[in-house]
Amino acid sequence: MRTAALAAAAVSLSIALAPTAAADPSVDTFGGWNHLVDNDGAVITVWKISDLKPSTDTIPGYPLAGRLWEATAAVRAAKGTVTPIIPDFNARAAGGANYPVLWQAASADGISGATIPQGVKSSGKLYFDVTGPAPTQVVYNNGVADLLVWK
């Protein structure tokens, strides 16, 4: 009986220590570093987003429906090899309107989605086609939930 109780306690402890998904996204102010950890902790991607503003840049050959906005982005491979997933970014207005990143628009100043090895950092701009209210935050959303937020 004592062995069964110890086994049950061990199972309860291992369940309590297992990593779980956060109910809320990691939220930071612009200029802060946010950590994105994969499910097993083997890869940690660190993002920094700053300076969300209307852009004076041009993106040749890309037809805008609204006004071009930009944010400065930096990504670092803190653990493991990282492939930045640029399409997961959105600029978001206070009322909830989302403006997807223009990841497919070629720009010399845009951040690269190329794979980077552990310890290496890459930086550049994220661009957004803002067709409504001005954005107040940038979110990293995996298609299901916001994982990182800067405001």
Side-chain angles (χ1 to χ4, degrees), residues 12-151:
S12 294
L13 181 60
S14 67
I15 290 171
L17 295 177
T20 59
D24 295 318
S26 177
V27 178
D28 207 337
T29 58
F30 283 111
W33 290 93
N34 260 325
H35 294 69
L36 189 62
V37 181
D38 75 352
N39 291 338
D40 63 5
V43 177
I44 300 175
T45 308
V46 185
W47 284 99
K48 176 180 167 183
I49 305 296
S50 58
D51 208 19
L52 177 65
K53 63 184 180 186
S55 182
T56 58
D57 295 353
T58 58
I59 300 178
Y62 190 85
L64 291 172
R67 179 155 188 211
L68 187 65
W69 278 63
E70 66 180 52
T72 302
V75 60
R76 183 171 50 88
K79 182 178 180 186
T81 300
V82 168
T83 302
I85 304 174
I86 309 301
D88 283 356
F89 281 99
N90 291 279
R92 183 174 293 154
N98 280 317
Y99 309 107
V101 69
L102 302 177
W103 62 271
Q104 71 283 25
S107 168
D109 294 327
I111 191 163
S112 172
T115 300
I116 54 176
Q118 183 170 313
V120 173
K121 182 177 111 175
S122 176
S123 60
K125 294 180 181 180
L126 297 171
Y127 292 103
F128 308 94
D129 187 358
V130 175
T131 57
T136 57
Q137 55 187 317
V138 173
V139 298
Y140 185 96
N141 183 295
N142 65 0
V144 176
D146 292 346
L147 302 178
L148 308 174
V149 177
W150 293 265
K151 48 181 168 179

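Everything numeric in this text was worked out from a predicted model, so none of it was measured.
Listed by chain and residue number, Trp69 satisfy the side-chain contact (heavy atoms from CB on, under 4.5 Å) test with Ala134 (two or more places apart in sequence, or in another chain). Not counting sequence neighbours, the partners of Asn34 by the side chain to side chain donor-acceptor pair (under 3.5 Å) test are Ser26. Here Gln137 pairs with nothing under the side chain to side chain donor-acceptor pair (under 3.5 Å) rule; sequence neighbours left out. Every side-chain contact (heavy atoms from CB on, under 4.5 Å) that Ala94 has, sequence neighbours left out, goes to Thr136. Judged as a side-chain contact (heavy atoms from CB on, under 4.5 Å), and not counting sequence neighbours, the contacts of Ala42 are Asp38, Asp40. By the side-chain contact (heavy atoms from CB on, under 4.5 Å) test, Ala108 pairs with no residue at all, sequence neighbours left out. Taking Asn141 as the reference, Asp146 meet the side chain to side chain donor-acceptor pair (under 3.5 Å) condition, with sequence neighbours excluded. Scanning for side chain to side chain donor-acceptor pair (under 3.5 Å) contacts around Asp51 gives Lys53, with sequence neighbours left out.
Between Gln104 and Tyr62 the shortest side-chain heavy-atom distance falls below 4.5 Å. Contact check for Phe89 versus Ile49: side-chain heavy atoms found under the 4.5 Å cut-off.
Of the inter-residue distances, the one linking Ile116 atom CD1 with Thr45 atom OG1 reads 7.5 Å to the nearest 0.5 angstrom. The CG atom of Asn142 sits 9.5 Å away from the CG atom of Leu148 when rounded to the nearest 0.5 Å. To the nearest 0.5 Å, atom CG of residue Asp57 and atom CG of residue Asp109 are 5.5 Å apart.
Pairs engaging residues 101-131 under the ring pair (Phe, Tyr, Trp, His ring centres under 6.0 Å) rule: none recorded [sequence neighbours left out]. Residue pairs meeting the side-chain hydrogen bond (donor to acceptor under 3.5 Å, both in side chains) criterion with at least one member in residues 80-91, sequence neighbours excluded, are Thr83-Thr115, Asp88-Tyr140.
For the pair Ile86 and Val101, the tightest heavy-atom approach, listed with the atom from each and the gap, is O-CG1, 3.1 Å. In terms of heavy-atom proximity, Ile111 sits nearest to Trp47 at CD1-CZ3, 3.9 Å. Nearest heavy-atom pair across Gly113 and Pro84 is O-CD, 3.7 Å.
A donor-acceptor pair under 3.5 Å links the side-chain atoms of Asp129 to the main chain of Gly66, judged by distance alone.
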Identify all side-chain donor-acceptor contacts of residues 70-79 below 3.5 Å with residues at least two apart in sequence or on another chain.
from: Glu70; atom 1: OE1; to: Ser55; atom 2: OG; distance (Å): 2.6
from: Glu70; atom 1: OE1; to: Lys125; atom 2: NZ; distance (Å): 3.3
from: Glu70; atom 1: OE2; to: Lys125; atom 2: NZ; distance (Å): 3.3
from: Lys79; atom 1: NZ; to: Gly41; atom 2: O; distance (Å): 3.0

